[in-house]
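Reading through the structure tokens given below for one structure.
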Amino acid sequence: MKKDTMTALIIRNVRLYGEGDAVDVLVHDGRIDNIADHGTLTTLPTECEEYDGRGNVLLPGFVDIHVHLREPGREDTETIASGSAAAAIGGFTAVYTMPNTNPVIDNNNLAEMVWSKGQEIGLCDVYPVGSITVGLQGKELSEMGLMNKGKAQVRWFSDDGKCVNNPLVMRRALEYAAGLGATIAQHAEEDRLTEGAIAHEGPMAAKLGMKGWPRAAEESIVARDILLARDAHAHIHVCHASTKGTVELLKWAHEQGVNITAEVTPHHLLLNDSVLPTYNGVYRVNPPLREESDNEALQQALIDGVIDCVATDHAPHGSEETCCEFAKAANGMLGLETSLAIMAQVMVESGRMTWRDIARVMSERPAKLVGLADHGRPLEVGEPANLTVIDPDAGWCVHGEELASIASNTPYEGMEFRARPVLTVLRGRVTARDGEAAL
Ligand code: DOR
Ligand code: ZN
């Protein structure tokens with residue numbers, strides 16, 4: 001059942017965006033009711049829950065515009081409930097779940113089912129992404145208009161996992177989406193260049209005898225889509241940008257005034273093909289882990305705003321699909337519960353970003369892209385209380401079996417990280433605390 005938002009909560013001793021002196025934040029009726037110097041709030045509502053923030057960092061709740069929750073169809077690897085729990089633990093208050101389920105989310109009934117289920121569970125707002133084409137077949141457009149007008153108000157469409165390769169279909173999708181004020185999020189992969197590919201095409205794959213997925217397979221589609229979106233006056237979004245060439249194309253498109261945005265995953269910021277000699281199937285992902293020079297270009301693009309936001313591409317798979325021969329492994333890895341830790345390590349602990357920047361790329365900017373009015377808001381009185389508290393020095397070790405996701409295919413098994421979300425609040429209600437969802 002959806003939990004009520006009427007109780008009050010006081011989050012004591014936190015630093016807004018990790019800046020300035022500690023404050024106490026009073027949350028009431030689902031909104032931020034008061035922000036005062038730490039220790040100065042004396043009159044509190046009756047039945048007010050107290051939380052000791054221990055000087056930690058308060059940020060707006062994170063928004064992930066690209067996850068796979070596998071319901072319907074593969075509930076043995078993730079459900080809307082388990083994925084919502086993983087999201088809440090990871091500091092997220094809203095997630096967008098991709099339509100490559102079985103059946104595919106290409107109609108309004110299914111879109112509304114996903115939305116309603118997320119609301120009933122109440123741990124995280126779960127928004128369905130509608131497919132662009134019926135059954136992800138790349139041929140006929142799906143019920144985009146009906147999904148957009150329905151209860152789930154779908155404004156984000158993608159055939160993720162597959163590229164809309166036919167340029168005529170893509171053109172029509174962009175034109176139709178533009179008319180709805182919606183966005184086409186493309187999985188950019190010229191699949192005639194990636195047939196049989198299992199890893200990034202480069203010296204490492206050549207050495208290991210793995211068939212390569214060239215950067216140009218992504219970049220050629222991004223380049224084509226820039227031109228199609230320009231002509232259709234549409235908003236095109238690039239899912240999981242993975243190459244330095246894509247970064248250059250984004251810069252060029254911005255200079256031309258094309259309405260293009262992009263996301264990058266934590267794994268494409270941190271990991272590269274140097275992990276391939278392990279032959280561990282957990283590292284197989286689409287697009288593949290590239291090279292260190294790509295990690296660097298993607299990090300810089302995120303700092304500069306050329307890439308708008310971080311999205312996990314959280315992709316649960318069963319152990320039989322990842323603990324197997326590399327060539328047979330499924331593409332994708334878990335991301336929701338480790339995203340903040342990776343971002344903190346790669347961007348904040350390295351001194352390249354501040355916590356305010358993290359709020360921008362993990363909350364404010366993604367919320368803006370998808371048109372969410374109640375998430376990614378400033379930490380100010382009167383704003384919806386969708387919040388997360390980060391302990392920058394929690395210190396923790398990732399164990400796939402301990403994660404809330406049903407699947408355990410994390411590429412960070414056994415790795416130590418410093419930062420971790422310790423409290424997540426959705427519309428004033430605690431949804432996760434210290435690595436446990438508030439079920
Ligand atoms: O690695 C991936 N896994 N990339 C995708 O685009 C799809 C996803 C999945 O559904 O597992
Ligand atoms: Zn995906």
Side-chain angles (χ1 to χ4, degrees), residues 64-80 83 86-87 95-106 114 127-133 135-136 138 156-165 183-191 194 197-200 213 217-218 221-222 237-243 246 262-269 271 273 275-276 280-290 309-322 324 326-336 338-339 366 370 405-411:
D64 192 339
I65 62 173
H66 189 148
V67 304
H68 298 267
L69 300 188
R70 306 296 189 215
E71 185 176 344
R74 284 305 302 270
E75 290 88 344
D76 57 316
T77 61
E78 196 79 293
T79 61
I80 296 171
V95 298
Y96 280 67
T97 186
M98 285 293 175
N100 63 338
T101 46
N102 187 9
V104 171
I105 308 174
D106 58 8
V114 170
Y127 291 89
V129 176
S131 75
I132 299 168
T133 66
L136 305 177
W156 205 253
F157 295 93
S158 182
D159 274 6
D160 181 60
K162 286 187 171 177
C163 182
V164 180
N165 234 303
T183 301
I184 296 294
Q186 174 75 294
H187 170 117
E189 174 181 0
E190 172 47 83
D191 53 27
T194 61
I198 58 171
H200 164 66
W213 197 129
E218 174 170 309
I221 293 292
V222 172
H237 178 82
V238 180
C239 295
H240 37 54
S242 74
T243 79
T246 292
E263 71 196 31
V264 61
T265 68
H267 50 269
H268 288 110
L269 292 170
L271 304 174
D273 65 358
V275 298
L276 293 180
N280 187 342
V282 84
Y283 295 123
R284 180 136 177 230
V285 64
N286 184 352
L289 301 175
R290 304 273 181 198
C309 65
V310 174
T312 63
D313 195 6
H314 176 84
H317 289 294
S319 55
E320 71 289 358
E321 295 159 297
T322 51
C324 60
F326 196 84
K328 296 223 170 77
N331 283 307
M333 43 185 69
L334 298 183
L336 281 168
T338 48
S339 181
V370 291
S405 278
I406 297 172
S408 48
N409 56 313
T410 174

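One is the number of the first residue; the rest follow in order along the sequence. Numbering of ligands and ligand atoms starts at 1, following listing order. Since we're looking at a predicted model, the values are computed, not measured. Keep in mind that the numbers below use all heavy atoms, side chains included, and drop hydrogens, waters and symmetry copies.
At least one donor-acceptor pair closer than 3.5 Å links the side chain of H314 to the backbone N or O of L336. Although no hydrogens or angles enter the test, the distance criterion places a donor-acceptor pair under 3.5 Å between the side chain of E218 and the main chain of S242. At least one donor-acceptor pair closer than 3.5 Å links the side chain of R284 to the backbone N or O of A329. A donor-acceptor pair under 3.5 Å is absent between the side-chain atoms of H68 and the main chain of M98, judged by distance alone.
Polar contact check, G332 against ligand 1: a nitrogen or oxygen pair lies under 3.5 Å apart.
Of all atoms in ligand 1, numbered sequentially from 1 with element shown, those under 4.0 Å from a heavy atom of H187 are 6 (O). Residue V285 approaches ligand 1 through these ligand atoms, each under 4.0 Å from one of its heavy atoms: 1 (O). Taking a cut-off of under 4.0 Å to the non-hydrogen atoms of A315, the atoms of ligand 1 that pass are 3 (N), 11 (O). In summary, the atoms of ligand 1 found under 4.0 Å from a heavy atom of H317, numbered by their order in the structure, are 11 (O).
Contact annotation: the side chain of V310 approaches that of P266 to within less than 4.5 Å [non-hydrogen atoms, C-beta and beyond]. V129 has its side chain out of reach of I105: every pair of non-hydrogen atoms, C-beta onward, lies at least 4.5 Å apart. In this structure, H267 and L289 have side chains that are in contact, with non-hydrogen atoms separated by less than 4.5 Å. Here the side chains of S319 and S408 are not in contact, with every heavy-atom distance at 4.5 Å or above. Annotation: side chain of D313 is in contact with side chain of D160 (closest heavy-atom distance under 4.5 Å). Within the 4.5 Å cutoff, the side chain of H240 has heavy atoms near those of the H187 side chain.
No part of M98 comes within 4.0 Å of ligand 1, judged by heavy-atom distances. Contact annotation: for M333 versus ligand 1, there are no heavy atoms closer than 4.0 Å. Under 4.0 angstrom from ligand 1, the non-hydrogen atoms of R70 all belong to its side chain.
With respect to atom 10 (O) of ligand 1, the closest heavy atom belonging to the protein is N100 ND2, 2.8 Å. Atom 5 (C) of ligand 1 has its closest protein heavy atom at N286 O, 3.6 Å. Annotation: atom 3 (N) of ligand 1 to nearest protein heavy atom, N331 O, 3.1 Å. The protein non-hydrogen atom at the shortest distance from atom 8 (C) of ligand 1 is H68 NE2, 3.7 Å.
Contact analysis puts H240 in contact with ligand 1, with a non-hydrogen atom separation below 4.0 angstrom. Distances shorter than 4.0 angstrom do not occur between any heavy atom of K162 and any atom of ligand 1.
For the pair OD2 of D160 and OD1 of D313, the angle whose vertex sits at the Zn ion (ligand 2) is 170° to 10 degrees.
For the side-chain contact (heavy atoms from CB on, under 4.5 Å) with K162, the lone residue among T133, L136, N286 that qualifies is L136.
When you scan the N, O or S atoms of H68 for the one nearest the Zn ion (ligand 2), you land on NE2.
The Zn ion (ligand 2) has an N, O or S atom of H66 closer than 2.8 Å.
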